[in-house]
Amino acid sequence: MKNSITVKRATAPRTTAFSALAPPAAILVALVITWQVAVMAAGVQPAILPSPQRILQQGWEARTTIWDNTLPTLQETFLGFAVSLTVAWTLAILIDFSPWLRRALVPLLVASQAIPIIAIAPLIVIWFGFGMLPKTIVIALVTFFPVTVGLIDGFNRTDREAINLLRSMGANRWKQFVYVRLPSALPSFFTALRIGIAYAVTGAIFAEYVGAERGLGIYMAMMKNSFRTDLVLAAVAVTALVSVCLFLLTYVAERAIIPWHSKERRSWHG
Amino acid sequence: MKNSITVKRATAPRTTAFSALAPPAAILVALVITWQVAVMAAGVQPAILPSPQRILQQGWEARTTIWDNTLPTLQETFLGFAVSLTVAWTLAILIDFSPWLRRALVPLLVASQAIPIIAIAPLIVIWFGFGMLPKTIVIALVTFFPVTVGLIDGFNRTDREAINLLRSMGANRWKQFVYVRLPSALPSFFTALRIGIAYAVTGAIFAEYVGAERGLGIYMAMMKNSFRTDLVLAAVAVTALVSVCLFLLTYVAERAIIPWHSKERRSWHG
Amino acid sequence: SATGTASSTALTPVAFALDWTPNTNHTGLYVALEKGYFTQAGLEVKVLPYSQSSTDALINAGSADFGISFQDTATFAAAAGVRNISVMSVLQHDATAIGVLASRDDIRSPKDLDGKTLGLADPSATFPTEASDVIKNDGGTGEFRKITLGTSAYEALYAGKVDFTSAFTTWEGIDAALRGTPMKFFALHDYGLPDQYSVIVEANRAWTAKHPAATAQFVQALQKGYQYAADRPDAAAKILIDANPGAFENTELVYQSQKKLSASYLKDANGKVGTQTAETWQQLADFLYRAGLLADEDGKPLTTALDTSTLFTEHYLNEK
Amino acid sequence: MAEATPPKIELRGIGKSFPLGRGQVRSVLDDIAFSAQPGEFVAVIGPSGCGKSTMFNIMAGLETANSGEVLVDGDVVTGQHKHFAYMPQKDLLFPWRSILENTSLGLEVAGETKKTARARAGSFFAAFGLSGFEDAHPYELSGGMRQRAALLRTVVQGRDVLLLDEPFGALDSLTRTDMQSWLQGVWSQNAWTAVLITHDIREAIYLADRVVVLSARPASVRLNLTIDLLRPRELSMTTSAEFAGYERTLLATLHKETLPPRGP
Amino acid sequence: MAEATPPKIELRGIGKSFPLGRGQVRSVLDDIAFSAQPGEFVAVIGPSGCGKSTMFNIMAGLETANSGEVLVDGDVVTGQHKHFAYMPQKDLLFPWRSILENTSLGLEVAGETKKTARARAGSFFAAFGLSGFEDAHPYELSGGMRQRAALLRTVVQGRDVLLLDEPFGALDSLTRTDMQSWLQGVWSQNAWTAVLITHDIREAIYLADRVVVLSARPASVRLNLTIDLLRPRELSMTTSAEFAGYERTLLATLHKETLPPRGP
Ligand SMILES: Nc1ncnc2c1ncn2[C@@H]1O[C@H](COP(=O)(O)OP(=O)(O)OP(=O)(O)O)[C@@H](O)[C@H]1O
Ligand SMILES: Nc1ncnc2c1ncn2[C@@H]1O[C@H](COP(=O)(O)OP(=O)(O)OP(=O)(O)O)[C@@H](O)[C@H]1O
Ligand SMILES: Cc1ncc(C[n+]2csc(CCO)c2C)c(N)n1
Ligand SMILES: [Mg+2]
Ligand SMILES: [Mg+2]
């Protein structure tokens with residue numbers, strides 16, 4: 001029974017992948033061509049707005065440097081996001097277990113998002129230096145909120161009757177959490193993870209802008225001051241690519257960790 | 001009947017407002033006191049970390065300057081967010097009406113969020129100068145996405161059977177939109193609006209950091225460079241306050257524009 | 001203050017970009033603003049505060065018409081295809097230097113900076129190479145760690161998180177002393193580098209071509225402002241302080257700094273402000289060229305020396 | 001075979017299958033045919049998922065059939081929507097509209113001015129036991145009242161045939177019984193031709209002049225049973241021997257149907 | 001008043017009201033009392049929202065009563081949970097667990113090792129018609145099978161009394177009828193004492209030895225009707241005169257109940 005489902009779906013992805021990618025690709029190509037033609041026709045200085053072709057060509061020539069700067073950014077992203085996830089899980093679990101903490105912390109968490117990180121980022125550097133710590137802090141600050149909210153929301157999404165069922169079986173609060181609330185929250189968690197990871201990369205770039213030795217952020221800042229707008233945009237493209245890849249990776253992780261979720265969803269179609 | 005409901009609820013807010021505010025206020029006060037004591041005990045330089053008392057006092061002395069810089073930021077926020085809302089509604093409606101546009105645009109919109117705005121913000125200033133335009137663009141870039149996604153999602157949340165009902169009455173696509181899809185999407189819209197408006201203020205600060213004549217962002221940048229960390233943090237507090245006020249204002253707007261939503265929700269309790 | 005009486009003729013708008021938050025390098029500008037020199041000249045000057053975008057780029061893109069820049073970055077920019085023109089100098093000599101905390105006994109001369117950490121105040125393309133050259137000329141290898149910190153560089157230096165930085169002896173140097181954490185400096189021209197106008201006023205070349213009269217009016221009004229600052233440091237410092245409420249925590253910094261600038265940096269040998277010479281421009285460009293620092297817009301190192309004769313002009317200065 | 005007076009509505013050989021992609025299709029309706037005379041009340045029952053709603057969608061012009069035709073008064077009207085007024089299982093009253101605005105929706109959509117639409121809908125409120133609730137909002141109404149409002153919204157459109165898709169499926173059994181008697185009452189005072197989908201055999205017998213039983217998917221008509229009970233029907237009749245007889249017949253027919261096949 | 005053999009379970013004077021804030025309370029249960037003998041099947045019916053689920057929650061120890069007590073075998077067990085195994089209306093099978101893991105959940109929670117828990121649950125699979133589906137996941141099962149798995153999860157806990165809260169409410173009428181006969185089958189082969197909440201009068205008569213009718217909120221026992229039909233009961237008996245008689249009695253009692261009052 002399971003096999004038949006797997007086999008049935010096996011051929012699907014290829015055709016759908018094409019039909020899913022064709023429309024956005026078409027628009028993207030149209031945009032790039034317009035841009036190229038406009039730059040060529042108007043004779044804009046490359047320092048002000050380089051043509052896509054120039055970005056590609058110069059970016060390719062600088063590929064080793066760009067790659068050398070991508071690695072530290074990736075490293076920061078992973079470390080920062082790992083810390084962010086730890087914080088988010090801790091907060092969400094605390095909030096889930098204590099109604100008082102929920103009432104106390106949730107408004108503060110929301111308010112914390114109203115603080116302009118760009119203004120305190122330089123202070124963070126002064127306080128914590130320019131090693132991994134300040135970057136980790138900035139990335140965590142930027143990303144912990146959506147993940148925490150997603151988790152809290154996920155825990156709350158647990159069916160009240162499922163909790164009652166567990167209670168009728170004699171499960172204490174902790175067992176209720178492990179057997180029902182935790183697995184119920186995982187789909188929400190993965191949705192939140194996706195939002196978080198996209199912010200994590202731009203957060204790392206941001207942290208580097210404020211103070212770093214290497215990394216895509218500092219590379220962009222340096223190229224900007226060397227009037228190499230083409231290389232700035234090449235690095236922007238690389239950053240976007242990295243974000244999109246990490247974003248897609250979360251789908252892989254989701255399938256691996258909560259296979260029942262996507263399977264169940266798919267079975268509703270049939 | 002309606003009156004009785006209103007009267008019944010009229011006394012509720014006061015008690016709930018207190019019990020809702022007390023826990024976060026308690027934590028906040030505890031944090032601020034710890035901070036004050038720590039700074040006093042360790043004798044930290046104010047340029048590195050000023051005490052809350054100093055922030056309050058110096059901020060109060062600089063109140064006229066801070067207020068003069070708050071106004072332009074507010075103005076940018078409103079203009080930028082208005083443009084953002086216009087873009088979001090336009091995109092969401094287009095996407096709602098055309099399945100092709102949906103497939104073409106949604107991946108691009110998601111990918112657009114992977115672009116590190118901090119890297120292209122200086123370019124935006126170079127392209128569009130120092131006026132309102134670049135700030136509007138940055139704010140719109142930062143905020144249009146959650147609002148658009150919220151709207152698309154809201155339109156999709158429309159009951160399929162409600163659409164069928166309208167079709168059975170002979171409604172064309174446009175009438176279906178006006179009579180069902182649009183009102184169905186409003187609750188989602190307000191949720192998205194809340195997220196958007198919080199980002200709008202920090203977006204404005206961000207845009208100013210990149211280049212502005214006046215505003216809280218440029219004020220913070222200047223004070224930072226003059227080692228006036230106390231005034232930086234005072235301005236941060238003002239920014240957060242403004243964000244929170246605008247955030248709360250969306251609830252007022254929601255109640256005014258879709259009164260049925262909150263009433264209906266409340267009636268489920270009884 | 002005499003803010004010029006609004007005449008019936010429309011004023012020409014001018015956007016002026018700053019390189020940093022207000023400091024004594026800008027005194028002449030604020031004097032000219034406060035004294036109404038610009039309005040009298042039929043100009044409406046809008047000051048664009050310091051931002052993430054370098055003034056060279058802003059002026060090149062036309063986002064600003066004039067702005068404060070530096071001879072080294074301007075030379076570097078010109079090689080990379082930027083078309084700005086320097087219309088006056090502000091400081092006749094190099095007021096920037098390699099700065100370290102005075103308390104650092106382990107750093108006695110530039111060669112001790114090998115393997116240390118540089119905190120860059122802005123991701124300047126030129127300073128690290130200049131510093132490296134200084135170290136080599138002092139017998140070191142010229143290798144060090146480079147951290148881009150932006151405006152936090154000086155706090156990082158005071159806090160001991162970086163070992164050296166580039167600083168204005170006439171601003172950060174005085175500030176450090178007043179704070180009780182004094183700095184010591186290694187001047188670049190003491191270690192084989194040519195002297196330079198560390199602060200200049202740049203213009204958008206197309207704008208000057210389109211508004212030759214307004215350009216002259218502007219430059220001369222600004223020159224008049226700086227002349228005032230050179231002649232009356234205390235009065236000028238007060239004008240700067242009043243024009244920027246809240247910006248100076250310790251106004252003593254402004255007075256001391258302005259005194260030093262007025263005494264040794266603003267005036268040329270003839271007591272005139274704003275003048276520039278072809279020698280000073282070409283010497284620095286030749287040095288940068290030899291150091292392999294100048295690259296064209298594709299990032300390829302220049303293969304012939306840069307001709308600096310078109311990068312500056314004294315044409316708009318007051319004749320007097 | 002033309003009759004003197006054609007039936008109010010007639011379905012002829014309606015077939016429908018859904019493409020499932022990769023060449024597979026799901027066959028849902030197979031040669032469905034039945035008719036209703038003017039003023040007749042026809043109930044349709046059939047296993048879950050057999051295609052009852054699909055059949056209604058085809059009648060209401062929301063879905064196109066692969067074969068067959070729909071006739072009203074002897075004219076082919078396949079694909080037109082204007083002859084059928086449709087009432088879904090959920091009441092689907094819009095929370096952002098008052099009850100009066102909800103009930104006049106169909107007329108507004110059809111192009112009437114708001115004023116006339118509301119006046120027309122308002123004139124039905126007394127008969128539907130909704131007087132005084134014109135300006136109330138749906139959340140203020142009980143389940144039964146909401147269902148009556150939904151029916152009002154359906155009949156006010158003045159179409160030839162009412163299509164009722166499990167209108168009482170979401171109500172609890174007591175409210176449901178009340179609503180059934182009430183529906184019988186209003187139906188008998190009007191000359192509506194009605195087709196009712198239901199899962200509830202007794203509801204079908206209690207309300208209908210004729211019960212059409214569909215087979216499991218792909219659905220075809222398995223039985224067409226005329227219910228010869230006097231009107232008005234009383235609640236007590238549901239425990240009569242005659243009623244029990246109809247019930248047995250329908251139960252037997254339905255249980256002969258295998259459970260709906262799983263798979264595509 | 002102590003009897004020789006006490007009933008398996010007994011409820012005495014259970015009262016419950018919920019505080020609504022600002023001093024108001026909603027009174028839900030008012031002096032509920034009934035009992036069930038060992039192996040007896042008791043059905044509880046009552047108007048929607050009258051407090052049936054609240055009564056179950058009190059029995060299962062999930063909610064505390066304001067007054068009254070719950071007895072098992074003559075001992076007061078109010079507030080304890082270990083005597084009652086509870087089956088909610090929704091099947092609540094967890095999608096992240098296989099059917100075997102779902103059915104052994106209660107034993108695992110009670111502290112059994114996974115191995116023993118699964119072995120015990122697995123031994124019931126044949127009787128419940130679930131053989132071969134041990135490793136399947138809930139989405140692969142039909143509605144009826146899911147409901148059987150949910151019942152298996154309930155009975156495997158080996159508690160004294162089964163509390164079934166509208167177990168078939170979500171099924172369509174055909175599957176529902178099938179499940180009722182099946183439940184009667186497994187029940188007759190085991191010695192379970194069961195209390196079943198239902199909205200469906202005929203389900204109550206068909207399955208129960210005794211039907212308890214509750215009034216509208218605040219609920220109290222309005223009727224305690226013994227059903228003297230032979231077992232095993234056949235589907236055809238539902239159209240018998242005896243059956244119809246019980247039905248009439250229950251219908252009449254229920255319809256005397258006013259609709260549940262609105263408000264607090
Ligand atoms: N657009 C579609 N594409 C594929 N299959 C469909 C589509 N619409 C309906 N079906 C399938 O057609 C069958 C009949 O659906 P329909 O809703 O008409 O059944 P029904 O008899 O109304 O069921 P119920 O009793 O549950 O209301 C179902 O198996 C359903 O999954
Ligand atoms: N925690 C609570 N606070 C206030 N009122 C409650 C609470 N729980 C239940 N009620 C109310 O008590 C009444 C009885 O609820 P209960 O769920 O027991 O009814 P029920 O008979 O099971 O209804 P149904 O037939 O719909 O399942 C309802 O009016 C409900 O709104
Ligand atoms: C007051 C003042 N302090 C520091 C800088 C930053 N800065 C820009 S260029 C340069 C010289 C070395 O490249 C320095 C130190 C400034 N502009 N103004
Ligand atoms: Mg249906
Ligand atoms: Mg209940």
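Everything quoted here is computed from the prediction, not taken from an experiment. A note on names: the letters A, B, ... follow the listed sequences, proteins ahead of strands, and every chain is numbered from 1.
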Could you report the tightest heavy-atom contact between [X] and [Y], atom names first, then the distance?
X: B/Gly170; Y: D/Val109; answer: C-CG1, 4.1 Å
X: B/Leu165; Y: D/Tyr86; answer: CD1-O, 3.6 Å
X: B/Lys175; Y: D/Glu108; answer: NZ-O, 4.3 Å

- Is it the side chain or the backbone of B/Asn164 that comes within 4.5 Å of chain D heavy atoms, both, or neither?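 It is both, since atoms from each part get that close.
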
- Can you tell which part of B/Val178 gets under 4.5 Å to a heavy atom of chain D, answering side chain, backbone, both or neither? neither

- If you count heavy-atom pairs under 4.5 Å between each of D/Met87, D/Gln89, D/Arg97, D/Glu63 and chain B, which one has the most? D/Arg97

- Query: Going by heavy atoms in the side chains, are B/Met169 and D/Arg153 under 4.5 Å from each other?
  - Reply: yes

- Determine whether B/Ser184 and D/Phe94 make a side-chain contact, defined as any pair of heavy atoms from C-beta on separated by less than 4.5 Å.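 Side chain of B/Ser184 against side chain of D/Phe94, heavy atoms only: no contact under 4.5 Å found.
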
- Message: Quick one, D/His81 with B/Arg167, criterion side chain to side chain contact (heavy atoms under 4.5 Å, CB included). Give me CA distance, side-chain angles, the key distance, then yes/no.
- Response: CA-CA 8 Å; D/His81 69 260; B/Arg167 285 178 61 208; over 6 Å; no

